[in-house]
Amino acid sequence: MSSIEQIRQEITTATCANAEELEAYRLKFISRKSVIGELFAKIKEIPGPEKKAYGQQINELKTLAQEKFKQLVSSLEKEEAGTEAPPVDLTLPSSKAQPGSMHPITITRNRIIEIFEKIGFNVSDGPEIEDDWHNFTALNFPPNHPAREMQDTFFIEKNPDIALRTHTSSVQIRVMETRQPPIRTLCPGRVFRNEAISARAHCIFHQVEGFYVNENVSFVDLKQTLFHFAKEMFGKDTKVRFRPSYFPFTEPSAEIDISCNICKGEGCNICKYTGWVEIAGSGMIDPNVLQNCHIDAEKYTGFAFGMGIERIAMLKWEIDDLRLFTENDIRFLDQFKAY
Ligand code: PHE
């Protein structure tokens with residue numbers, strides 16, 4: 001009798017949290033080998049007068065166990081229904097796609113092209129691996145002339161006639177060799193110099209060459225063209241200054257400064273407290289260069305300029321380390337999504 005009471009207690013307090021526990025309950029209280037099954041087996045050992053009362057009790061126990069089992073099954077079903085994935089809510093905002101951004105060098109190059117295209121320049125291309133003629137000799141660098149040392153060149157070891165171009169001026173030669181004036185073109189591209197990588201120098205960088213050859217092209221055209229560019233690129237209040245300089249392929253030559261767009265001329269470390277920053281080299285194409293390309297230097301004149309794309313980008317966005325352009329740091333690149 002005491003064991004019947006104990007089993008009744010166990011059944012009424014039984015709980016189950018998952019299918020395994022439910023099965024354990026079934027084995028213990030419902031199956032043929034359950035504790036209740038054992039009580040039924042014992043019926044023949046019970047003395048005659050008590051048999052009826054005993055039978056009644058274990059039958060009640062069996063019913064209780066079965067009722068409880070039904071309860072446990074249905075409560076478990078309810079619980080499982082609760083953990084099911086909710087139906088898809090089509091009105092929820094979608095998860096955010098991560099769009100890439102254009103590289104600041106590409107953005108700057110495109111902007112430079114856009115500005116010059118509006119005043120009649122088209123775009124030309126040339127190879128990055130050049131021969132001595134296009135990179136130096138045709139540009140009026142005499143053999144063994146110290147001017148060749150102005151740019152530290154990567155030569156191909158087995159053939160000193162072949163080098164990685166040190167400037168996009170080589171494209172000037174290629175275009176002039178194949179076309180007659182009027183020519184007004186822009187040559188953007190990668191250039192290579194044997195320099196140690198630092199915040200201010202890199203062995204691979206980008207230039208845009210521009211030049212115009214026609215009858216009666218003068219220094220005034222050069223000045224006005226670059227003046228226009230500076231204002232479009234850096235804003236209407238930008239001032240432009242031409243400083244006499246030297247390049248073998250231009251005569252006269254000038255370096256072009258713009259008023260520092262960061263401190264507006266007041267002096268900062270970008271302009272080294274001068275109020276001016278250099279953006280390009282330029283000049284009137286040397287008649288020797290025109291002749292080297294079979295263009296009549298008596299009839300035609302031209303101007304040329306070359307600027308560093310990194311330099312323009314650094315001034316535009318106040319970037320103080322050249323290495324950022326090649327490191328592919330997402331935190332840097334992410335900032336150009338708006339362009
Ligand atoms: N090629 C020169 C350089 O790389 C720049 C330049 C281009 C100067 C055209 C004058 C005319 O420094």
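Read the numbers this way: they start at 1 and go in the same order the structure lists the ligands and their atoms. Numbers here simply count residues along the sequence, with the first being 1.
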field: Qualifying residue for salt bridge (charged side-chain N to carboxylate O under 4.0 Å, His left out) with Glu130, from Arg190, Arg174, Arg165
entry: Arg174
query: Does Phe69 share a hydrophobic cluster with Leu27, counting links as ILVMFWY side-chain heavy atoms below 4.5 Å and allowing steps through other members?
result: no
query: Who's touching ligand 1 if we go heavy atoms under 4.0 Å?
result: Gln151, His167, Ser169, Arg193, Gln207, Glu209, Phe247, Phe249, Thr250, Gly281, Ser282, Ala304, Phe305, Gly306
field: Donor-acceptor pair, side chain of Gln335 and main chain of Arg331, under 3.5 angstrom
entry: yes
- request: Among Phe192, Phe249, Phe247, find the residue that satisfies the ring pair (Phe, Tyr, Trp, His ring centres under 6.0 Å) test when tested with His167.
  value: Phe249
message: Looking at Pro49, is its backbone amide N or carbonyl O close enough to the side chain of Lys52 to form a donor-acceptor pair, meaning the two atoms are under 3.5 Å apart?
response: no
message: Regarding Arg243 and Glu278, does a basic nitrogen lie under 4.0 Å from an acidic carboxylate oxygen?
response: yes
